Every structure is written in C-alpha cells, then in structure tokens.
**Student:** 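Below you will find the structure I want to go over with you.
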Amino acid sequence: MLTAGPKGTNDILPGEIEKWHYLEEVIREICRQYGYSEIRTPVFEHTELFLRGVGDTTDVVEKEMYTFIDKGKRSISLRPEQTASVVRSYVEHKIYAQPQPTKVYYLGPMFRYANVQAGRYRQFHQFGVEVLGSYDPVVDAEVITMAMEFYHRIGLHGMELHINSVGCKECRPVHRQRLLEFLNPKEKKLCHLCRSRLAKNPMRILDCKEEQCQELSRGAPATADCLCEKCASHFAMVRKYLDDVGIQYNVNDRLVRGLDYYTNTAFEIMVSDIGAQSSIGGGGRYDGLIEEVGGPPTPGIGYALGLERIIAAMERQGLEFAKDRTFDVFVAALGEKAREQAFKLVLDFRRAGLVAEMDLMGRSLKAQMKFADRFNSGFTLILGDEELAKGVIVVRNMAAGEQTEIPLGGILDYLTKQKRRNSST
RNA sequence: GUGGCUGUAGUCAAGCGGUUAAGACACAGGAUUGUGGCUCCUGCAUGCGUGGGUUCAAAUCCCAUCAGCCACCCCA
C-alpha cells in the first residue's frame with residue numbers, strides 16, 4: 001500500500017523527533033565523559049558475518065534476519081545488531097594495533113524480521129557501547145555503571161539490573177555437562193522446545209518461561225557454581241566494583257543472554273512498565289568473538305539498549321523530555337510592502353540568533369496573532385502601512401499583553417537585549 | 001512462525017442492512033474598519049484500511065488482503 005510504511009517501521013515526526021534529539025544529546029554527552037568515540041558501520045554486512053558473529057543457532061539469525069542476494073550474487077543481511085559489525089571493523093582496520101582498550105559507541109537502526117508488538121519493531125534503534133582489548137573486570141563494571149548512569153540521567157526509575165556469569169570456554173563445558181546430567185532424566189517432561197534445546201544449548205532451558213520447565217530446572221547446577229577459578233574471581237571483582245559505587249544488582253543465575261557469543265559477565269536491565277517486553281538493555285562479555293571473526297585473540301564487552309523502549313518507558317513514567325516549539329519573535333505583517341520588510345527583518349533576527357517566524361499563509365492580522373500565540377511567541381511585531389509611514393514597528397509582549405512602538409532601526413537591538421535579560425534571570 | 005482483538009475525517013469516536021455518515025477535540029475563517037489567549041458563529045469524510053462477493057440496498061453480512069494493537073517464541 002502506497003500510503004503506509006512497511007510493517008514494523010515508524011516515521012519519527014515533528015513533535016516526536018525532539019525526544020530522540022534529547023536522548024541523542026544525553027548519549028553523546030555521557031559517551032564523551034566516559035571516553036567513548038562514535039563508530040559508524042554500514043547497516044548491511046555479508047550475511048556470513050552474522051552467522052559467525054551472532055551465532056547461527058540463535059533466533060535472531062535463524063528466523064529474524066533480513067537477508068537478500070544483491071546484484072553481484074552476494075548474500076547480504078541488514079544488521080540485526082551492531083556488535084558483529086564493530087568487531088568486523090576492528091579486525092579489518094587492525095585497530096588492535098593501537099593503544100588498547102578501544103572504546104566505541106554506536107547509535108542507529110537495526111533490523112529484525114519479527115512480529116510486531118509493544119516495544120518490538122522491525123526497524124528499531126539501538127545505542128550501544130563496546131570495549132575491545134581488555135580482560136579487566138573493571139571494564140565490565142564501567143560498562144554496567146555507564147548504562148545505569150544513563151538511565152538515571154534521563155530520569156528513569158524502577159530499573160532492575162540482573163547480572164550473571166556464564167563462564168569461559170574452560171568452565172562452560174563443565175556446566176553444560178553437569179546440566180545435562182541433571183536434565184537428561186527429565187527429558188520427557190520438558191516442553192518440546194526445551195527438548196531440542198537439550199542437544200543444542202541446554203543453558204537456554206534455564207531461561208524457558210514454561211512453568212513446567214522452570215519447575216524441572218529448579219535446583220539445576222548454576223553457571224556460577226561451575227566457574228573455573230579465574231572466572232569466579234573475575235565475577236567476584238565485577239560485583240565488588242559495582243558494590244563500591246553503590247550499584248544495586250541481582251545475581252540471577254538463570255540469566256542467559258540470547259546471543260551465542262557471550263562469555264563471563266552477562267547482564268540485562270529490565271523495567272516493568274512497558275508491556276511484555278521489559279528488557280531495556282543488556283550486554284555482556286564476548287572474549288571469543290574477535291577470534292571467531294578472524295582477528296587475534298582479543299577480549300571484548302558490550303552493551304546495547306533500545307531507544308524505542310526507553311522512550312516508551314519514559315512516557316509511561318510521565319517524564320518530560322521535549323520542549324515545545326516556540327518563537328522568540330513573530331512578525332505580523334499587513335500588506336505587500338510590510339511583508340517585504342518583514343522578510344528582511346526575520347533574516348536579521350535569525351542571523352542574530354533569535355528564533356524568528358513570519359506569516360507564511362497570507363493570513364489576517366487576527367489570525368497571525370492567534371498563530372503567534374499558539375507557538376508561545378515571546379514578542380509579536382506588528383508592521384502595517386501606518387508603521388511603515390512612521391518608520392516604526394509595534395512590539396507586543398505577548399505574556400504581558402503590552403505593546404509599544406520602536407523605531408524600525410532599533411528593533412533588533414531591542415529584541416536581543418530583551419532576550420539577554422530573559423535568559424539571565 | 002503462531003494466536004486473540006481491531007481498522008469510520010488530523011485525533012477520540014457514534015453508527016450494528018435502508019433517505020443528505022452523529023458528536024467532541026484539533027484545524028481554518030469570522031463576530032463592523034489593523035491585535036492572541038475566554039465565549040459565540042461558520043466550515044471541515046461523494047467517504048467508512050484495500051480488493052472482491054452476497055443483497056433491490058452494505059460503513060454495517062461473507063471472503064481475501066494489508067495495517068495497527070496485544071500476547072507466545074525471542075529479544076532492544
């Protein structure tokens with residue numbers, strides 16, 4: 001249909017875009033302070049990157065990718081997330097040869113072919129950060145802290161931070177083995193999905209929402225109990241750092257992130273009031289990913305949040321983030337001569353840094369006044385034949401309902417002074 | 001991929017087989033000559049998501065399709 005965008009996409013219109021600008025400002029500011037530089041990567045990549053980088057058994061890759069064959073017969077996919085792209089770029093440009101760690105952030109659209117519901121779209125936007133090149137648990141703590149700090153800055157409340165450690169490639173198989181020993185005897189009672197998970201990725205069973213499966217997996221060996229010494233102390237340090245700065249968290253040994261590449265620290269932030277999709281961000285460490293994509297063995301950790309969900313949560317919590325459109329000055333002109341003068345005046349005002357507007361609809365004076373009022377114009381200037389003849393202009397202070405005449409030549413000076421006075425009080 | 005609900009102007013909607021498709025808000029114009037916010041008046045869907053079908057007659061019934069909302073799976 002010609003007059004409807006594709007399913008799961010959204011136009012961000014005037015009135016709405018201001019919210020995005022606000023969030024983007026907060027994001028850029030916090031990233032500057034934390035020492036993250038922006039990275040921009042293409043919105044599409046070779047499909048293979050996501051197969052390797054996200055994992056070919058994940059839902060995201062298995063059933064949600066926008067994949068197509070381009071005219072050069074290459075398989076291309078729109079990015080379902082950006083970590084894989086960042087890692088690819090890191091390897092491609094040999095950024096590991098520079099002083100480490102590499103700290104980058106990104107902000108942009110992602111694409112997943114999933115059915116639409118509250119807080120889920122086919123094109124959605126993520127802000128994310130990645131730190132590449134350091135194993136140090138202080139980095140894990142920094143990333144988590146930064147995420148929480150961001151939520152606080154925009155005024156969000158009621159977040160829950162869940163953290164877990166899923167171990168490294170040494171201790172993961174140990175956990176897997178213990179888990180299989182625990183679950184295999186119960187196989188017949190698991191839901192059919194979990195039965196297939198048993199072979200592919202038994203850890204996911206812990207994450208199953210089926211009551212029956214939850215019941216069955218109660219008492220299952222937790223990842224935290226199977227961690228090797230190194231991973232255990234890493235996780236302990238991450239928690240210690242978080243404790244030190246007073247960040248509250250839940251150690252949730254059922255938290256298993258959906259993407260295959262996570263190792264050690266995994267975390268997720270939820271907020272209850274945006275419908276069934278309560279996750280407003282998540283991330284974790286991925287110490288094997290860079291190697292997987294063809295780089296040198298390099299650790300990494302990242303985090304991403306969904307802007308649509310952030311906005312939904314903010315709206316639900318009644319938070320303010322957008323100022324309404326207002327004019328410093330509106331020029332109401334009557335007659336062609338006055339309009340020509342108004343056109344010049346508005347240019348002068350704008351050059352002086354004022355938000356200035358004039359009538360663009362050929363409206364009556366009354367209607368122009370009404371329009372100026374609608375947009376909370378600070379001053380409305382009235383210019384007609386009488387004023388032109390006298391070389392003056394009427395300046396009306398809209399809030400006070402008072403007006404005076406000012407010589408035309410002095411009007412810019414008058415307005416800039418008024419503006420300065422207002423902003424200093 | 002699966003299931004439920006919905007689809008009438010910019011927005012919220014009434015209408016539930018039969019003359020010109022309520023109402024409210026918004027928007028636009030006006031209430032004596034050049035002045036906003038309140039009030040009052042006027043205007044604003046040849047059209048009821050789209051395409052078929054049933055019928056003398058459909059926004060109203062049926063089918064398909066598209067979209068929205070919600071939920072499952074999964075995730076942001």
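Numbered from 1 within each chain, the chains take letters A, B, ... in sequence-line order. Quick caveat, the model's predicted, so the values are computed rather than measured.
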**Student:** Please give the distance between the P atoms of B:C56 and B:G4 as a whole number of Å.
**Tutor:**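 To the nearest whole Å, 33 Å.
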**Student:** How long is the line joining CG of A:Asp59 and P of B:A76, in whole Å?
**Tutor:**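 Taking CG of A:Asp59 and P of B:A76, I get 12 Å after rounding.
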**Student:** I'd like to check, for A:Phe371, whether its ring lies over the base of B:G36 with centroids under 5.5 Å apart and a plane angle smaller than 30°.
**Tutor:**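 The base of B:G36 is not stacked with A:Phe371 (the test needs centres under 5.5 Å and planes under 30°).
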**Student:** List the steps, then state whether salt bridge (charged side-chain N to carboxylate O under 4.0 Å, His left out) holds for A:Lys103 with A:Glu142.
**Tutor:** CA-CA 11 Å; A:Lys103 295 166 71 168; A:Glu142 179 182 289; 2.9 Å; yes
**Student:** Per the atom types in the model, does the base of B:U35 pair as donor or acceptor with the side chain of A:Gln403 at under 3.5 Å?
**Tutor:**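 A donor-acceptor contact between them is present.
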**Student:** Can you sort out the partners of A:Glu292 under side chain to side chain donor-acceptor pair (under 3.5 Å), two or more places apart, ordered by chain and number?
**Tutor:**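 With neighbours one apart ignored, the set is A:Arg52.
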**Student:** Compare the minimum distances between each of B:G68, B:C70, B:C69 and the side chain of A:Gln117, then state the nucleotide with the smallest one.
**Tutor:**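 Comparing B:G68, B:C70, B:C69 against the side chain of A:Gln117, the answer is B:C70.
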**Student:** For A:Met361 and B:C27, give me the distance from atom CE to atom C1', rounded to whole Å.
**Tutor:**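 Nearest whole value for this atom pair: 10 Å.
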**Student:** Output the rounded distance in Å from NZ (A:Lys7) to P (B:U65).
**Tutor:**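 My rounded result for the distance is 12 Å.
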**Student:** Using the closest heavy atom to pick a nucleotide of RNA chain B for each, name whichever of A:Asp373 or A:Ile280 lands nearer the 5' end.
**Tutor:**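 The answer here is A:Asp373.
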**Student:** Who pairs with A:Asp136 by salt bridge (charged side-chain N to carboxylate O under 4.0 Å, His left out), at least two apart in sequence or on another chain?
**Tutor:**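 For A:Asp136, no residue satisfies salt bridge (charged side-chain N to carboxylate O under 4.0 Å, His left out) once neighbours in sequence are set aside.
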**Student:** Closer than 3.5 angstrom, by distance alone: can the side chain of A:Gln368 be matched with the main-chain N or O of A:Arg363 as a donor-acceptor pair?
**Tutor:**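 Answer holds: yes.
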**Student:** Considering every strand shown, what is the Watson-Crick or G-U wobble mate of B:G36 when both distances are under 3.5 Å?
**Tutor:**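 By the stated definition (distances under 3.5 Å), nothing pairs with B:G36.
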**Student:** Between A:Glu402 and A:Arg396 (salt bridge meaning N to carboxylate O under 4.0 Å), is one present in this structure?
**Tutor:**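 No.
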**Student:** Check nucleotides 4-8 of chain B against the protein and report each pair of N or O atoms closer than 3.5 Å, with its distance, or say if there are none.
**Tutor:**
none

**Student:** Answer yes when A:Arg178 and A:Asp225 have at least one side-chain N-carboxylate O distance shorter than 4.0 Å, and no when they do not.
**Tutor:**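 No, A:Arg178 and A:Asp225 are not salt-bridged.
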**Student:** Should A:Arg374 be listed as having a side-chain N or O under 4.0 Å from OP1 or OP2 of B:G37?
**Tutor:**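 Answer is no, no contact under 4.0 Å.
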**Student:** Please report the distance separating the P of B:U42 from the corresponding atom of B:G23, rounded so that it comes out in whole Å.
**Tutor:**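 Straight-line distance between the two P atoms is 11 Å.
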**Student:** What interatomic distance, in whole Å, is found between P of B:U2 and the corresponding atom of B:C62?
**Tutor:**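 So the two P atoms sit 23 Å from each other.
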**Student:** For A:Asn397 and for A:Arg363, locate the closest nucleotide of RNA chain B by heavy-atom distance; then report the residue assigned to the nucleotide nearer the 5' terminus.
**Tutor:**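 On the 5' side of the pair lies A:Arg363.
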**Student:** What is the distance, rounded to the nearest whole Å, between atom CD1 of A:Ile27 and atom C1' of B:A76?
**Tutor:**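 The answer, rounded to whole Å, is 13 Å.
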**Student:** When rounded to the nearest Å, what value does the distance between C1' atoms of B:G51 and B:A31 take?
**Tutor:**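 About 48 Å, rounded to a whole number of Å.
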**Student:** Say you pick atom P in B:A22 and the same atom in B:C27; how far apart are they, in whole Å?
**Tutor:**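 Roughly 22 Å separates the two P atoms.
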**Student:** Under a 3.5 Å cut-off for both contacts, is B:C27 paired Watson-Crick or G-U wobble with anything, and if yes, with which nucleotide?
**Tutor:**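 B:C27 is paired, partner B:G43.
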**Student:** In whole Å, I'd like the distance from the CZ atom of A:Phe267 to the C1' atom of B:A76.
**Tutor:**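 So the CZ-C1' distance, A:Phe267 to B:A76, works out to 13 Å.
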**Student:** Quick check: does any side chain N or O of A:Thr145 sit under 3.5 Å from a backbone N or O of A:Ala141, one acting as donor and the other as acceptor?
**Tutor:**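 Yes.
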**Student:** With both distances kept under 3.5 Å, what pairs with B:A14, Watson-Crick or G-U wobble?
**Tutor:**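 WC or wobble partner does not exist here.
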**Student:** For the C1' atoms, the ones on B:A58 and on B:G15, what distance do you get once it is rounded to whole angstrom?
**Tutor:**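 Those two atoms are separated by 13 Å.
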**Student:** Please output the side-chain donor-acceptor pairs of residues 385-392 of chain A that fall under 3.5 Å, not counting sequence neighbours, one pair per line with the distance.
**Tutor:**
{"from": "A:Glu387", "atom 1": "OE1", "to": "A:Gly384", "atom 2": "N", "distance (Å)": "3.0"}
{"from": "A:Lys390", "atom 1": "NZ", "to": "A:Glu405", "atom 2": "OE1", "distance (Å)": "3.3"}
{"from": "A:Lys390", "atom 1": "NZ", "to": "A:Glu405", "atom 2": "OE2", "distance (Å)": "3.1"}

**Student:** Would you please indicate yes or no on a ring centroid separation below 6.0 angstrom for A:Tyr105 and A:Tyr34?
**Tutor:**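 A:Tyr34 vs A:Tyr105: aromatic centres not under 6.0 Å.
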**Student:** So does A:Ser77 get a backbone contact from the side chain of A:Thr67, meaning a donor-acceptor N/O pair under 3.5 Å?
**Tutor:**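 No, the answer is negative, given that no donor and acceptor are paired below the 3.5 Å cut-off.
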**Student:** For B:U65, give its Watson-Crick or G-U wobble partner with both distances under 3.5 Å, or none.
**Tutor:**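 Partner of B:U65: B:G49.
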**Student:** Considering every strand shown, what is the Watson-Crick or G-U wobble mate of B:G1 when both distances are under 3.5 Å?
**Tutor:**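 B:C72 - that is the nucleotide pairing with B:G1, both distances being under 3.5 Å.
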**Student:** Looking only at the side chain of A:Tyr121 (C-beta and beyond, no hydrogens), which of the listed nucleotides B:A71, B:U2, B:A76 gets closest?
**Tutor:**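 Taking heavy atoms from C-beta onward, the closest nucleotide is B:A76.
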**Student:** Starting from P on B:G37, measure out to CD on A:Glu402 and report it in whole angstrom.
**Tutor:**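 Result: 18 Å.
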**Student:** Can you tell me whether the side chain of A:Arg112 and the base of B:A76 have a donor-acceptor pair closer than 3.5 Å?
**Tutor:**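 Yes.
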**Student:** How would you list, by chain and number, every residue that makes a side chain to side chain contact (heavy atoms under 4.5 Å, CB included) with A:Thr102, sequence neighbours excluded?
**Tutor:**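 For A:Thr102, the residues satisfying side chain to side chain contact (heavy atoms under 4.5 Å, CB included) (neighbours in sequence not counted) are A:Tyr90, A:Ile95, A:Gln100, A:Val104, A:Leu132.
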**Student:** Could you pull out the protein-nucleic contacts involving nucleotides 30-34 of chain B (nitrogen or oxygen on both sides, under 3.5 Å)?
**Tutor:**
{"from": "B:G30", "atom 1": "OP2", "to": "A:Ser364", "atom 2": "OG", "distance (Å)": "3.2"}
{"from": "B:G34", "atom 1": "O6", "to": "A:Glu386", "atom 2": "N", "distance (Å)": "3.0"}
{"from": "B:G34", "atom 1": "O6", "to": "A:Glu386", "atom 2": "OE1", "distance (Å)": "3.4"}
{"from": "B:G34", "atom 1": "O6", "to": "A:Glu386", "atom 2": "OE2", "distance (Å)": "3.2"}
{"from": "B:G34", "atom 1": "O6", "to": "A:Glu387", "atom 2": "OE1", "distance (Å)": "3.3"}
{"from": "B:G34", "atom 1": "N1", "to": "A:Glu387", "atom 2": "OE1", "distance (Å)": "2.8"}
{"from": "B:G34", "atom 1": "N1", "to": "A:Glu387", "atom 2": "OE2", "distance (Å)": "2.9"}
{"from": "B:G34", "atom 1": "N2", "to": "A:Glu387", "atom 2": "OE2", "distance (Å)": "2.8"}

**Student:** Could you check which nucleotide pairs with B:A59 in any of the strands shown, counting Watson-Crick or G-U wobble with both distances under 3.5 Å?
**Tutor:**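 Checking every strand shown, B:A59 finds no partner, since no pair has both distances under 3.5 Å.
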**Student:** Taking only the P atom of each, what is the distance from B:C12 to B:C70 in whole angstrom?
**Tutor:**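 14 Å, rounded to whole Å.
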**Student:** So, does A:Thr416 use its side chain to make a donor-acceptor pair with the main chain of A:Leu412 at under 3.5 Å?
**Tutor:**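 Side chain of A:Thr416 to backbone of A:Leu412, a donor-acceptor pair under 3.5 Å: yes, one is there.
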**Student:** Give me the distance, rounded to whole Å, that separates B:C38 from B:A45 when you measure between the C1' atoms they each carry.
**Tutor:**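 These two C1' atoms come out 30 Å apart once rounded.
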